[in-house]
Q: 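Could you have a look at this structure, given as structure tokens, before my questions?
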There are 2 protein chains.
Amino acid sequence: MEYSEAKDKFIKAWGTLGSNWGINKAMAQIHALLLVATEPMSAEDIMEELQMSRGNVNMNLRALMDWGIVKKEHKVGERKEFFTAGKDVWELAKQVSRERRRREIEPIIQVLGELQDVTGDNKKSVAEFKKLTSDLYDLSSKVDGMIEKFSKSDQTWFYKLLMKI
Amino acid sequence: MEYSEAKDKFIKAWGTLGSNWGINKAMAQIHALLLVATEPMSAEDIMEELQMSRGNVNMNLRALMDWGIVKKEHKVGERKEFFTAGKDVWELAKQVSRERRRREIEPIIQVLGELQDVTGDNKKSVAEFKKLTSDLYDLSSKVDGMIEKFSKSDQTWFYKLLMKI
DNA sequence: TGAAACTTTCAGAAATATTTGAACGTTAGA
DNA sequence: TCTAACGTTCAAATATTTCTGAAAGTTTCA
């Protein structure tokens with residue numbers, strides 16, 4: 001496959017993947033483009049390559065920096081800002097897990113915790129409800145802990161873990 | 001907290017969580033309601049409790065059955081169909097992982113695989129592209145394998161794994 | 001066979017999310 | 001200080017997703 005075709009395909013696939021994950025297409029595509037880029041890119045460059053408006057690019061670059069997976073760079077003698085995405089896939093995975101944990105798992109654990117002190121007349125309902133929410137709480141906490149560990153670990157740890165599985 | 005309040009809160013939270021995960025709110029709320037329910041519920045019951053249209057309930061029940069996390073039941077002497085969600089949180093987690101793997105991880109691995117045979121004049125770009133996509137391919141495959149293992153394992157295995165971590 | 005009791009479908013309406021582009025803000029250097 | 005070259009914001013436009021409700025389809029049983 002020709003490089004340019006492969007690149008397009010990659011960007012498109014990354015965008016679709018993003019949608020499945022609740023990340024918007026533009027954001028995922030900008031990230032894909034920066035992953036593939038060999039040099040830092042300016043907002044202008046990105047607008048051009050992806051045919052997006054200035055506002056859209058600006059907004060999504062900010063979101064990507066928020067996720068900690070895109071960095072701003074300054075080139076000497078240039079007014080413009082440039083952007084890069086880290087090429088280390090392992091670091092990327094850790095950063096994404098870390099953020100998803102913070103944004104998605106922590107809040108549900110929070111709510112499940114609050115639900116533990118439920119009271120009511122219908123003993124059966126209440127008992128079943130407590131069982132359910134505490135089971136969910138336990139499992140979420142365990143998954144949470146696992147992801148925390150993962151997002152702080154190094155690749156060696158992960159490979160060793162894989163062996164054990 | 002009063003039972004009915006707790007129940008509402010749980011359903012609402014589950015709905016919000018769903019949205020973060022690309023699962024629509026109605027679907028997540030129906031699931032939450034069935035999780036909490038002590039008896040199988042009919043479409044009518046769900047419509048009433050969640051104030052949703054017949055079409056919406058029907059559609060989302062189908063989607064939940066597609067995910068394998070809601071089952072249809074028939075009561076003797078009743079024309080209506082009833083629905084239940086398994087109460088086993090562990091089974092739920094396994095089923096969700098299994099489906100997400102199939103729907104989201106497998107397709108990206110597929111695409112990454114196809115991108116391996118890229119060619120082009122710009123040696124540097126091509127080399128970096130290959131490095132990136134093959135790194136992504138490796139990591140995805142490993143995560144895929146892990147999830148597969150997880151979704152076939154029993155709880156004991158998981159607890160043992162947690163110990164090792 | 002007919003009709004009541006359900007379930008399913010789907011076109012259009014409503015709600016939500018994304019994107020645009022032009023106005024506004026900021027900064028560096030002349 | 002002024003202005004060119006950028007970055008940022010946000011109201012409105014567009015696109016996408018979800019939801020509704022009525023019509024069509026199906027099943028059961030009198």
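Note that the coordinates shown come from a computational prediction; the quantities given were computed from them, not determined experimentally. We name chains A, B, ... by the order of the sequence lines, and we start the count at 1 in each one.
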Q: Rounding to a whole Å, what distance do you find between I30(A):CD1 and dT18(C):P?
A: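 Spelled out: CD1 on I30(A) to P on dT18(C) is 13 Å.
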
Q: Can you pull out the residues from residues 39-58 of chain B that lie within a 4.0 Å heavy-atom distance of DNA chain C?
A: R54(B), G55(B), N58(B)

Q: Can you find a pair of side-chain heavy atoms, one from F158(A) and one from L139(B), that are under 4.5 Å apart?
A: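 Counting from C-beta outward, F158(A) and L139(B) do come under 4.5 Å.
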
Q: Which of residues 8-17 of chain A have a heavy atom under 4.0 Å from DNA chain D?
A: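 Result for residues 8-17 of chain A: none.
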
Q: Nearest whole Å is fine: how far is dC6(C) C1' from L61(B) CG?
A: 14 Å

Q: Give the nucleotide from the list dT8(D), dC6(D), dT9(C) with an atom nearest to the side chain of R62(B).
A: dT9(C)

Q: Between E81(B) (CD) and dG25(D) (P), how many Å, whole number?
A: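 Taking CD of E81(B) and P of dG25(D), I get 19 Å after rounding.
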
Q: Between F150(A), Y159(A), W157(A), which is the residue that forms a ring pair (Phe, Tyr, Trp, His ring centres under 6.0 Å) with W90(A)?
A: F150(A)

Q: Take a 6.0 Å sphere around NZ of K25(A) and say whether it holds more than 12 heavy atoms from other residues, nucleotides or ligands.
A: no

Q: Determine whether D138(B) and S141(B) satisfy the following criterion, side-chain hydrogen bond (donor to acceptor under 3.5 Å, both in side chains), listing intermediate values before the conclusion.
A: CA-CA 5 Å; D138(B) 287 351; S141(B) 305; 5.5 Å; no

Q: Write down the distance between NZ (K80(B)) and P (dT7(C)), rounded to a whole number of angstrom.
A: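 From K80(B) NZ to dT7(C) P: 8 Å.
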
Q: Salt bridge or not between D135(B) and K131(B)? Use side-chain N to carboxylate O under 4.0 Å.
A: yes

Q: Would you say the side chain of I109(A) lies within less than 4.5 Å of the side chain of Y137(A), judging by non-hydrogen atoms?
A: yes

Q: From NE2 of H74(A) over to C1' of dT26(C), roughly how many Å is that when rounded to an integer?
A: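 From H74(A) NE2 to dT26(C) C1': 13 Å.
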
Q: Assign each of R79(A) and K25(A) to its nearest nucleotide of DNA chain D by heavy atoms, then name whichever residue's nucleotide is nearer the 5' end.
A: R79(A)

Q: CG of N60(A) versus C1' of dT19(C): gap in Å, rounded?
A: 9 Å

Q: In whole angstrom, what separates E78(A)'s CD from dA4(D)'s C1'?
A: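 Atom-to-atom, E78(A) to dA4(D), this comes out as 15 Å.
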
Q: Just wondering, more than 12 heavy atoms not from K12(A) lying within 6.0 Å of its NZ?
A: no

Q: Using a strict threshold of under 4.0 Å (side-chain N to carboxylate O), is an ion pair present between E5(B) and K9(B)?
A: no

Q: Can you tell if the side chain of E81(A) reaches within under 4.5 Å of the side chain of E73(A), non-hydrogen atoms only?
A: no

Q: dC19(D), dT9(D), dG7(D): which one has an atom nearest the side-chain heavy atoms of N24(B)?
A: dC19(D)

Q: Without decimals, in angstroms, what is the distance between E73(A) CD and dG7(D) C1'?
A: 18 Å

